[in-house]
Amino acid sequence: MTSLMPKISYREAVREAMREAMEHDERVFLMGEDVGYYGGCYAVSMGLIDQFGEARIIDTPLSESGFVGAGIGAALGGMRPIVEVMTVNFSLLALDQIVNNAATIRHMSGGQFSIPLVIRMATGAGRQLAAQHSHSLECWYAHVPGLKVLAPATVSDARYMLAMALQDPDPVVIFEHVMLYNEEAELLAADQVAAMDKAVIRRSGTDLTLIAYGGTLHKAISAAEQLAEKGVSAEVIDLRSLRPLDSKTLLESVSRTHRAVIVDEGWKTGSLAAEISAQLMEQAFWELDAPVQRVCSQEVPIPYPKHLEQASLPQVEDIIAAVRRLPGVL
Amino acid sequence: MPSFGADMQDGTLSQWLVSTGDRVARNDVIAIIETQKGAIDLEVFTSGIVSKLLVAAGERVAVGTPIALIDDGVITDSVATEEPPRPAVPVAQPIPESATQACLTRPSIVPPAPGQGRVRATPLARRLAAEQAVDLSAIKGSGPAGEILARDMLPAATAPAGTPPMDIPAMRHAISAAMSRSKREIPHYYLEQTINLQRAANWLAEYNQDKAPEDRLVLNALLHLAVARALQKSPELNGFYQQGQFVAAEEIHLGTAIAIRGGGLITPAIINADQLDLDEMMKQLLDLSYRVRNGGLRSSEMSLGSVTLSSMGDRGAEKVFGVIYPPQVAIIGLGTPELRPWVNDGKIEPGLLVSATLAADHRVSDGRQGARFLNHLNKILQKPERL
Amino acid sequence: MKAQEIREILKQELGAIAPEVDLDTLDGEEDLRDEMDIDSMDFLRLTVALGKRLNTQIPDEDQGRITTFDSLLSYLIKRSGE
């Protein structure tokens with residue numbers, strides 16, 4: 001890894017990805033609530049309107065169903081729209097467009113039409129935005145055939161996965177965890193970033209596999225560092241793609257370490273962690289030397305007060321506690 | 001119905017010593033089981049309250065049939081030894097929760113029920129046990145509630161130093177059952193012959209002289225191979241007495257008695273021992289003594305032995321008269337070789353002498369056949385270079 | 001190699017063979033095989049291990065002379081000094 005690269009933030013990485021896409025492909029445009037003159041509610045698109053103008057950076061009315069539907073229509077008409085939805089909570093207003101239209105049209109048209117649409121949305125808690133802005137509903141989308149669902153957790157993934165998503169002929173939903181926007185890191189070269197449907201081993205280990213994505217990746221890495229001080233070697237896998245899941249990488253890792261802890265900010269019941277756990281049980285049962293553990297959010301609407309919000313989310317100490325529940329490790 | 005030996009097909013529950021509602025503690029004798037080999041006291045493997053007797057006194061049932069329920073409905077069908085591995089079934093039970101609680105509380109983590117009646121082992125440990133043909137019930141688990149983990153299956157590398165992988169009380173029980181049965185059922189006869197090992201010892205010293213330590217042989221390897229070779233001519237000592245008749249074994253799988261540090265004894269078999277050469281025999285013995293200490297013995301090694309050798313080694317007693325391990329029909333004993341006077345050609349000279357004994361099953365062979373075996377063994381040991 | 005190091009190596013290798021024996025209470029003048037319940041296989045394994053650790057080879061005919069912990073230790077010190 002070179003140290004010549006300047007550090008940039010996750011927010012800047014997403015912005016540069018969009019800028020590059022629009023510079024290289026005139027079919028690409030961005031629309032969403034306050035993405036233009038305000039610069040986006042998380043300031044991701046700040047300044048883009050000055051470069052590309054109102055025709056390509058479009059401030060929409062507060063109607064998720066309306067502007068996501070418009071994005072689907074534009075994609076059908078040959079454009080490559082990027083639609084920003086403020087949070088996954090608000091995306092529920094557009095669920096009909098995304099699940100009933102975007103995800104189905106290729107199938108229902110017998111392959112005559114596809115929807116090359118990219119929908120970006122913020123997800124997750126930690127900024128004291130209370131229950132209606134803080135949930136992690138990625139697994140709802142990961143449930144739906146016809147969609148691809150990505151969760152870039154690093155600056156470099158934020159920078160390069162958007163371009164991969166734009167090249168995909170089908171709708172791709174990208175989740176950006178709100179706590180990641182200020183994260184800074186050196187940018188890797190584009191060819192050092194894995195394909196968008198691949199999980200990546202962020203840290204190698206031999207005793208257990210921590211499986212995380214998006215906002216929980218850094219917590220998993222911190223937990224792995226603390227575990228290393230206790231003599232436990234934890235492998236950390238960043239899922240990156242939530243649909244399709246890169247089951248092969250997961251199964252290979254767990255077949256080596258024989259233990260898995262899944263860290264998922266979604267609620268445990270019916271979670272993505274549940275799906276991964278089930279796959280490990282189905283396909284790696286005879287490799288397991290301990291019950292699969294899940295570290296998820298408490299089953300409450302995410303609270304507003306800071307201490308309660310933090311208490312409701314998966315934390316590093318919760319991951320360590322889950323590792324302690326694995327017999328024979330700590 | 002537990003199995004008291006690989007050859008047991010069924011058993012008759014001759015008497016219950018407990019009744020429904022009784023509290024029993026692990027190792028209590030709860031019933032007497034009549035088998036082809038005699039009456040055996042059935043020890044219970046767990047503690048609890050007898051909730052139901054499933055088999056009435058006098059009934060004969062196949063091995064593996066549940067015979068009673070203890071405590072919370074887990075089926076008792078096992079003593080501490082010789083329990084065949086069974087598939088993992090989760091034992092956790094859901095904790096009832098009110099509907100209103102359920103929607104706001106996280107899913108409960110149900111604590112595992114204490115191990116009862118079933119070997120608790122992880123899937124990986126079970127897979128390894130199947131691959132290594134290891135009987136899980138003979139292994140002591142190192143999990144928080146005694147669960148068997150993969151590390152309990154693997155040899156030394158991952159096992160904590162000094163932790164014997166075997167369950168010594170269970171082994172004691174197994175030795176007790178087998179030896180009691182042997183003394184009860186097998187009419188032993190005993191023969192002894194003194195064999196001069198001086199030639200063998202001289203030959204060995206010469207062989208080892210310029211060898212690196214890892215290539216050297218010990219006398220015991222030579223003795224093992226000689227016994228295996230001598231058995232080739234004595235099929236009536238190599239085989240099994242079952243269902244009232246003797247069946248000679250086709251191959252010579254020489255069980256070798258190995259003492260376990262801290263007590264106990266195990267007799268893993270050296271498969272096709274007579275087909276090995278000296279170096280191979282040495283490797284096998286080193287490997288076996290290592291695995292006895294560090295784990296990794298296979299149940300095939302534990303069950304295939306067709307005859308047994310009990311060798312005292314260089315620090316034991318002068319003579320050993322063995323107890324036959326049923327359903328085998330002979331055990332050869334070799335004492336500790338000692339330097340003693342020996343008459344050769346009318347002159348007294350020092351000789352490294354060993355007492356070679358044979359305990360054999362009189363239902364199958366007689367003293368004359370036994371003596372022929374010891375003579376043959378003597379001849380082989382006088383020509384060590386041919387081994 | 002210092003005598004103290006050789007002593008430590010010897011104790012480590014003995015510990016590997018008989019982990020349950022408390023080497024600190026071992027009588028250095030008693031027969032090692034009796035004290036530690038070591039058989040000929042164990043002793044050969046010990047010889048191989050010590051040979052590797054100390055980069056020396058213990059000839060077969062010397063095995064009979066080194067019967068106690070103390071005699072084995074002084075033998076090893078002498079050999080590795082050669």
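Below, read A as the first sequence line, B as the second, and so on, with proteins coming before strands; counting in each chain starts at 1. When reading the values below, keep in mind they use all heavy atoms of this one structure, side chains included, and skip hydrogens, waters and symmetry mates.
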B:Arg23, CZ: over 12 other non-hydrogen atoms inside 6.0 angstrom:
no

Where A:Pro327 and B:Gly143 come nearest, the two heavy atoms and their spacing
CB-CA, 4.5 Å

What distance do B:Leu149 atom CG and A:Leu326 atom CG have between them, rounded to the nearest 0.5 Å?
10.5 Å

Turns out that what part of A:Ala290 lies under 4.5 Å from chain B's heavy atoms comes down to backbone

Going by side chain to side chain donor-acceptor pair (under 3.5 Å), name the residues that satisfy it together with A:Lys248, two or more places apart in sequence or in a different chain.
A:Glu252

Check this for me: A:Gln132, atom CD, are more than 12 non-hydrogen atoms of other residues, nucleotides or ligands nearer than 6.0 Å?
no

Looking only at heavy atoms, which two atoms of A:Leu288 and B:Pro123 are closest? And how far apart?
O-CD, 3.3 Å

